[in-house]
Undergrad: 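First the structure, which I've put down as structure tokens, then a few questions once you've had a look.
Order of the sequence lines sets the chain letters (A, B, ...), proteins ahead of strands, with each chain counted from 1. All heavy atoms count here, side chains included; hydrogens, waters and symmetry mates do not.
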Number of protein chains: 2
Amino acid sequence: MNDSPRRKELTRQAAQLFVQEGFDRTTVRMLAQEMGIKSGSLFHHFRDKQEILAAVIEEGTENALGIARAALDDCDSDPASRLHAMARAHLETLLTDRNAHVVALYEWRRLDAPARAHLSHLRDAYEALWEEVIDDALAAGLIRGDRFLVSRFVMGALNWTVRWYDPDGERTPDELAGELVAMLTHPAG
Amino acid sequence: MNDSPRRKELTRQAAQLFVQEGFDRTTVRMLAQEMGIKSGSLFHHFRDKQEILAAVIEEGTENALGIARAALDDCDSDPASRLHAMARAHLETLLTDRNAHVVALYEWRRLDAPARAHLSHLRDAYEALWEEVIDDALAAGLIRGDRFLVSRFVMGALNWTVRWYDPDGERTPDELAGELVAMLTHPAG
DNA sequence: GTCTATACGCGGATAGAC
DNA sequence: GTCTATCCGCGTATAGAC
């Protein structure tokens, strides 16, 4: 439809509900209430419920991509630092920010075909960033295994944290990233 | 309600639909059609839709637990073999069997409080088995890291395979398990 | 154990006034 | 840009016959 600041704000509020309840269980009435408007008004901003989901996922992936790129630019250029930075960025968008990126990962299947086609290049760009970092770590002998599989396993380990991580617990996303890298790293390498 | 063979069979069919569509999007009419009966008849076997989910998750976790125990009994007693056997068993119940165990992992949140209370001991037993195997591998110096976190990361890596694994592709669950163990294992250890 | 028929509330979405 | 009012189909569940 457009990308007014108003719509951006509504998208953020939708993301929160989608994480809490799941897309299917979130009703347009719930969304409207969270946004402080009536359900009829919602359709002035979004064509239908599907479009809200697409907006959230686009926002979440773009955000994750931007944060990951910034983290890689900021850190040292050795493979270990880059791997740690990437993992930390990923976990922060999932666990601290706790909204749009989670939706992007967990509700992707709920997108209809056109939205999926439109957004898959974004998702691919984010995953390509990951594969780059993994590749460097493999080439340096920091970790070992198959390029494709290591990427999937690492992303899986990180994505699943959403299910068990306690934000009020002792560990920060940064510490988690450190533990993951330590687990994967071969001291002898 | 009970656990007649009839009900077991219906539960298996429900599992398949829950994986394909997700619990929320699966209607009782769809379930009935898959089972070859009318929707009204469904409620002779299950009190409500929630009870179907609980039955599927119970079945899926019990099955995974049984297969994992059998795999551990059958394999060599060194930590590497045990880790591999556990990973392979886990992946087989997720990727080959492709039903009830997936539901147990991905639809757990949809259980109501009483069902969750009733089933959590089962889930805990399965996770305890994992922690045992991880503990042994840590003690042997095969892998390294924090007991709790390694377990979560490993299970996350495996659970996420459901999202990208192609059953018609080249790799078997056994090969995947091997790759995971290789990734985690320190040759120098 | 399965059927038909049906109740009934809820969810997505629209129309048109302000 | 938001409201009120409303449509209508669908989803869960029940009743009672066979």
Side-chain angles (χ1 to χ4, degrees), chain A residues 1-59 103 106-116, chain B residues 1-57 59 103 106-107 109-116:
Chain A
M1 240 146 162
N2 61 50
D3 54 334
S4 63
R6 179 83 176 113
R7 185 174 146 126
K8 262 267 167 89
E9 171 62 14
L10 298 178
T11 302
R12 279 188 45 219
Q13 291 174 303
Q16 203 192 324
L17 266 178
F18 287 164
V19 171
Q20 276 172 33
E21 304 289 330
F23 174 72
D24 290 325
R25 288 163 96 97
T26 304
T27 69
V28 298
R29 288 174 170 82
M30 290 164 69
L31 288 163
Q33 186 167 28
E34 181 81 11
M35 296 166 179
I37 56 180
K38 299 296 179 181
S39 67
S41 311
L42 224 174
F43 295 92
H44 177 75
H45 302 280
F46 303 92
R47 184 189 308 279
D48 53 24
K49 197 186 165 193
Q50 268 289 320
E51 200 179 84
I52 308 179
L53 178 62
V56 170
I57 291 184
E58 182 164 25
E59 155 85 11
V103 176
Y106 279 88
E107 305 288 358
W108 178 268
R109 292 170 49 192
R110 300 300 165 219
L111 288 172
D112 55 28
R116 217 177 289 194
Chain B
M1 239 143 164
N2 61 50
D3 54 335
S4 64
R6 179 83 177 112
R7 184 174 146 126
K8 262 265 167 93
E9 171 62 14
L10 298 179
T11 302
R12 280 188 44 219
Q13 292 174 301
Q16 203 190 324
L17 267 177
F18 288 164
V19 171
Q20 276 171 34
E21 306 289 330
F23 175 71
D24 290 324
R25 288 161 94 96
T26 303
T27 70
V28 297
R29 291 192 233 271
M30 290 164 68
L31 288 164
Q33 186 168 28
E34 182 81 12
M35 296 166 178
I37 56 180
K38 299 295 178 183
S39 67
S41 309
L42 223 173
F43 295 93
H44 177 74
H45 302 280
F46 303 93
R47 184 189 309 277
D48 53 23
K49 197 186 164 193
Q50 268 290 323
E51 199 179 84
I52 307 179
L53 178 62
V56 169
I57 290 183
E59 156 84 11
V103 176
Y106 280 88
E107 306 287 358
R109 293 170 47 193
R110 301 300 166 218
L111 287 173
D112 56 27
R116 218 177 289 194

Undergrad: Within the structure shown, what part of the strands sits under 4.0 Å from B:S4 by heavy-atom distance: base, sugar-phosphate, or nothing?
TA: nothing

Undergrad: What nucleotide, of D:dT14, C:dT14, D:dC3, holds the atom closest to the side chain of A:I37?
TA: D:dC3

Undergrad: Report, as yes or no, whether the 6.0 Å neighbourhood of atom CD on A:Q20 holds more than 12 heavy atoms from other residues, nucleotides or ligands.
TA: yes

Undergrad: Under 4.0 Å: is that the gap between some side-chain N or O of B:R29 and OP1 or OP2 of D:dG9?
TA: no

Undergrad: Rounding to a whole Å, what distance do you find between B:R7:CZ and C:dG1:C1'?
TA: 15 Å

Undergrad: Expressed as a whole number of angstroms, how long is the span from A:D24:CG to D:dT12:C1'?
TA: 16 Å

Undergrad: Are the side chain of A:E51 and the backbone of A:R47 linked by a donor-acceptor contact shorter than 3.5 Å?
TA: yes

Undergrad: In this structure, how many angstroms lie between the C1' atom of D:dG1 and the CD atom of A:E9, rounded?
TA: 16 Å

Undergrad: From NZ of A:K38 over to C1' of D:dT2, roughly how many Å is that when rounded to an integer?
TA: 10 Å

Undergrad: Taking only N and O in the side chain of A:S41, is any of them less than 4.0 Å away from OP1 or OP2 of D:dG1?
TA: no

Undergrad: For B:R47 and D:dT12, give me the distance from atom CZ to atom C1', rounded to whole Å.
TA: 15 Å

Undergrad: So, does B:H44 get its side chain near the phosphate of C:dG1, meaning an N or O under 4.0 Å from OP1 or OP2?
TA: yes

Undergrad: Figure out the CZ/P separation between A:F43 and C:dG11, and round it to whole Å.
TA: 12 Å

Undergrad: Expressed as a whole number of angstroms, how long is the span from B:M30:CE to D:dA13:P?
TA: 16 Å

Undergrad: Main chain of B:T27, side chain of B:K49: is a donor-acceptor contact present, judged purely on distance under 3.5 Å?
TA: no

Undergrad: How would you list all residue pairs meeting salt bridge (charged side-chain N to carboxylate O under 4.0 Å, His left out) that involve residues 25-45 of chain A, not counting sequence neighbours?
TA: A:R25-B:D24

Undergrad: Just how far, in rounded Å, is P of C:dG12 from CD of A:E51?
TA: 15 Å

Undergrad: Okay, side chain of A:S41, backbone of A:I37: is any donor-acceptor separation there less than 3.5 Å?
TA: no

Undergrad: Quick one: on DNA chain C, does B:R6 or A:Q50 contact a more 5' nucleotide (nearest heavy atom)?
TA: B:R6

Undergrad: Output the single nucleotide from D:dT2, D:dT12, D:dT6 whose closest atom is nearest the side chain of A:H45.
TA: D:dT2

